Amino acid sequence: MLKETNKRILSIAMAFVMAGSCVFGALAEPTDSQAAKKPKLKTKSVSLYVGKKKTIQITGKRKKAKYTFKASNKKIKVSKKGVITAVKKGTAKVKVSETYKKKKKTIGTVKVTVKAKAVPKKTVIPPVSAPPVVSASATPTASAPAVQSEAPTVEPTPVVRPTIEPAYETKTLDFEGSTSKVVESELTVPLEKAMLYGGLCTVTAEFTQETGSAQDISVGYDGIYLSFKKNGAYIDKNSFKDEAMSDAQTFSCPNGEKTKKEFTFEVPKYSKDFNLKFSGAGTFTVDNVTVKTQPFASADYASMVANSTASTGNNARIKKAIAKAQAGEDVTIAYLGGSITEGFAASETDNGDCYAETSYKQFKKIFGAGDGSNVHFINAGMSGTPSSLGIVRYQRDVLDQMKTGEYPDILFIDFAVNDGMDDGDTYESIIRTALEQGSAVVLMFVLYMGGCTHEDKYAKLYRKHYDLAMVSPAQGMASCKKEEFDKWFYWIEGNTDTSYGHPDVGGHRYMADCITNMFLTIDQEDEEEDNIVDINDITPKTSDTFQGMKTLLSSTDLSQNPSVKSVDPGSFSMLTDSAQNTLQYIKDGIEKMQWFPDVWMHTSSTGSDSFKATINCRSLIIAYKMPSGNSSGKADCYIDGKRVGTMGGSGWNNAGLLRALQEDEVKEHELEIRMQDGDENKPFTIFAIGYCD
């Protein structure tokens, strides 16, 4: 989004029109004589019902000024950010003050009227008068009153709220309108979806038989499941194959007596074609068959899902997206994250079981118009991605993937598992970038057995500060036994090695249901006023250094990116690197697309010249390849001739990251990447360059 940063021409006669939010903080603070406006109240009066909120808006805010809000009485509350909350009926005032250069002055007063909650009027149906009784032998006269017609009863239309389609549930089987069924030797009941994600299946039923003597009756299940083998820490998806599954329990049913029995089966994950089976040597009757499915013994699945909505935040933008989807307008939901968001270990063939794709499909089914084709999906997950790589990829993998519109309506952010080396500034920069562009931001804290989610840290720093929605699967499973949850949620098969700690198909479905629960909860809330008028009026908790970062690749059209003055690849002249990891999902119609198809690669045959670029920016992050083995060389990074860091080392073909530049002001900088002495004949790959202009 283009935003003019100053409405007056600066005294140095240079006009700046810069793309992205990173321009804020780049220019010197204007003096009072330079300022285009003094702060004024845009909000002068407010009328609210009890319990509702409204944000006071101020125009012409000065960057280094502090604004305070004071309520005249307890009819209302007002936050440090100027959010008024109506408490009780009455009137009040909010005095708004500005402290600038140690001088405090009042800039205005907001009048507030609080009204009692509106009570909907009941529809009163008038009583129906009984018609007069007419004797069969009587002859009515002309003066007899006419028979009154009975007024129609108007039934109110019930409000049908959308609900989640449960992955686990308890239900009583219906046998063509009856709870009982006479069984001739064997009965098969197809329950294909009952145990798709594995877990416990408990069958309760009543049995009677009158064959003259006790009869053995078996209750069990059969079907198929997808078995696989593990190669080291990874599922070998090429080894998936259908295998038969079955189990049965037998009891002796006495003659002429009703016998109630309960059976529990542990069903493997990746189950398909699940069938419940009843069998006996003769005829018997089965009645009141209840099938209860749950992931594991200590799990109340419905409560797990319900408790995972840690916050709905300011709901204005998500409510807007829901309304657009229901009206048939185009809506885009994007998911930016690491390997779990990418869908690692989610399914054996395509990415259909990934929590991101599953929750998108649920939103599409519940809120989309018609067939839901107006709801669009972007998976921007990539394994091993911390938020510092996420902000580098944001333009390429989210904004450039938009099919309609410029920005996603809803953006899920998940990097916390991989953010061990990040201090939160890039995580916050993604939040601020998306909020400035108008997206609703949801903090999604996926679970990884061997990694810290940073949930407590990031939730404390950013959820309340920006009033964001937050989904916490960990909060949902807090009452469960951890060992039971881990066995079902992760694909460890009893192995406690944390390298097996990615969620598998059951875990992904649970996280998708957690997201859908958040959407359904917000759908039932009253709509709030958007709390973000201008993101740059909100002081960052950590930093906005990387806010609005763009992606520079070897394929970037420089004519469309004027801040990049020139790029000379030098000896980094190979534009592809075949030794790369590939995506789990199909992107741009390409299966197994490389993470970075457009790179700058140095090899022993390309020479020794440096990579050079001239860029107008205030921050730079270099993403480079960390190859498996020790064959790769090291390269030094220079900004304006000064060495700022060294890149290199081994990994698993994942991305290493160098924060090459972090400044407040946008200036022209010379970037140089030079192979270290002695490493000129070793390969080195630059994946991408992130820059804020």
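Values below: every heavy atom of this structure, side chains too, minus hydrogens, waters and symmetry copies. Index from 1, following the sequence. As the structure is a prediction and not an experimental result, all values here were calculated from the model.
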Checklist entry - Taking atom CZ of Phe412 and atom CD1 of Ile515, what is their separation to the nearest 0.5 Å? => result 4.5 Å

Next on the checklist: Is it the case that atom NZ in Lys457 sees more than 12 heavy atoms from other parts of the structure closer than 6.0 Å?
Outcome noted: yes

Item to check | Gap separating the CG atom of Asp544 from the CG atom of Asp425, nearest 0.5 angstrom | outcome: 10.0 Å

Next on the checklist: Check Asp530 with Arg317, please: is the shortest side-chain N to carboxylate O separation under 4.0 Å?
Outcome noted: yes

Checklist entry - Is Met549 close to Ile621 at the side-chain level, that is, under 4.5 Å between some pair of heavy atoms? => result yes

Item to check | Residues Glu98, Lys61: salt bridge by 4.0 Å N-O rule | outcome: no

Checklist entry - Measuring from Ile622:CD1 to Leu658:CG, what's the distance to the nearest 0.5 Å? => result 6.5 Å

Next on the checklist: Less than 4.0 angstrom from a charged side-chain N to a carboxylate O is my criterion; do Asp664 and Arg618 meet it?
Outcome noted: no

Item to check | Sub-4.5 Å side-chain heavy-atom contact between Arg432 and Asn536 | outcome: yes

Checklist entry - Under 3.5 Å, is there a donor-acceptor pair between the Ser472 and Glu455 side chains? => result yes

Checklist entry - From Ser479 OG over to Asn307 CG, what is the distance, rounded to the nearest 0.5 angstrom? => result 7.0 Å

Next on the checklist: Does anything in residues 387-396 form a salt bridge (charged side-chain N to carboxylate O under 4.0 Å, His left out)? List the pairs, not counting sequence neighbours.
Outcome noted: Arg393-Asp397

Item to check | Straight-line distance of Met402 CE to Tyr407 OH, nearest 0.5 Å | outcome: 10.0 Å

Item to check | Flag if over 12 foreign heavy atoms under 6.0 Å of CG, Asp456 | outcome: no

Item to check | Pro386 vs Leu657 side-chain heavy atoms within contact, under 4.5 Å | outcome: yes

Checklist entry - Between Glu670 and Thr614, do the side chains contain an N or O donor and an N or O acceptor separated by less than 3.5 Å? => result yes

Checklist entry - Are Tyr427 and Phe415 near enough that their ring centres are under 6.0 Å apart? => result no

Checklist entry - Could you walk me through whether Asn379 and Gln401 pass the side chain to side chain donor-acceptor pair (under 3.5 Å) check? => result CA-CA 9 Å; Asn379 189 331; Gln401 299 302 311; over 6 Å; no

Checklist outcome for this item: Correct closest heavy-atom pair for Lys104 and Thr99 would be CG-OG1, 3.6 Å

Checklist entry - In a check of side-chain contact (heavy atoms from CB on, under 4.5 Å) between Ile84 and each of Val114, Ile56, Thr55, which one passes? => result Ile56

Checklist entry - Among side-chain atoms of Asp409 and Thr332, is any donor-acceptor pair under 3.5 angstrom? => result no

Item to check | Verdict with supporting geometry, Glu529 and Lys52, salt bridge (charged side-chain N to carboxylate O under 4.0 Å, His left out) | outcome: CA-CA 9 Å; Glu529 183 177 349; Lys52 295 296 184 179; over 6 Å; no

Checklist entry - Do we see a donor-acceptor contact under 3.5 Å between the side chains of Thr426 and Ser388? => result no

Checklist entry - Short question: side chain of Asn616, backbone of Glu668 - any donor-acceptor pair under 3.5 Å? => result yes

Checklist entry - Of all residues at least two apart in sequence or in a different chain, which pass the side-chain contact (heavy atoms from CB on, under 4.5 Å) check with Thr312? => result Thr309, Thr521, Ile522, Glu525

Next on the checklist: Counting only heavy atoms not in Lys587 (residues, nucleotides, ligands), do more than 12 fall under 6.0 Å from its NZ?
Outcome noted: yes

Checklist entry - Quick one: does Val83's side chain get under 4.5 Å of Val78's, heavy atoms only? => result no

Checklist entry - Got a sec: does the NZ of Lys319 have more than 12 other heavy atoms crowding it under 6.0 Å? => result yes

Next on the checklist: Set out, in order, the CA-CA distance, both residues' side-chain angles and the distance that settles side-chain contact (heavy atoms from CB on, under 4.5 Å) for Phe546 and Glu428, then state yes or no.
Outcome noted: CA-CA 9 Å; Phe546 304 102; Glu428 183 173 19; over 6 Å; no

Checklist entry - Can Asp693 and Ser563 be said to form a side chain to side chain donor-acceptor pair (under 3.5 Å), step by step? => result CA-CA 7 Å; Asp693 59 4; Ser563 294; 2.8 Å; yes

Next on the checklist: Tell me whether Lys66 forms a cation-pi arrangement with Tyr100, defined as NZ or CZ under 6.0 Å from the six-membered ring centre and within 45 degrees of its axis.
Outcome noted: no

Next on the checklist: Within the 4.5 Å heavy-atom criterion, are Ile639 and Leu620 side-chain neighbours or not?
Outcome noted: yes

Next on the checklist: Looking only at side-chain N and O atoms, does Gln362 offer a donor or acceptor that is under 3.5 Å from a partner on Thr516?
Outcome noted: yes

Checklist entry - With under 30° as parallel and over 60° as perpendicular, where do the rings of Tyr335 and Tyr355 fit, or are they tilted in between? => result perpendicular

Checklist entry - Looking only at side chains, do Asp640 and His669 share a donor and an acceptor under 3.5 Å apart? => result yes

Next on the checklist: Using 0.5 Å steps for rounding, measure from the OH atom of Tyr466 to the CD1 atom of Ile538.
Outcome noted: 6.5 Å

Checklist entry - What closest approach, in Å, do Gly328 and Ala369 show between heavy atoms, and which atom pair accounts for it? => result CA-CB, 3.5 Å

Checklist entry - What do you reckon, is NZ of Lys324 surrounded by more than 12 foreign heavy atoms closer than 6.0 Å? => result yes

Checklist entry - Have Tyr458 and Asp419 got a donor and an acceptor in their side chains that come within less than 3.5 Å? => result yes

Checklist entry - Is a side-chain donor or acceptor of Ser543 paired with a backbone partner of Thr545 at a separation under 3.5 angstrom? => result yes

Next on the checklist: Could you walk me through whether Leu558 and Lys565 satisfy the side-chain contact (heavy atoms from CB on, under 4.5 Å) test, starting with their C-alpha distance in whole Å, then the side-chain angles of each, then the deciding distance to 0.1 Å, before giving a yes or no?
Outcome noted: CA-CA 8 Å; Leu558 300 190; Lys565 303 298 183 182; over 6 Å; no

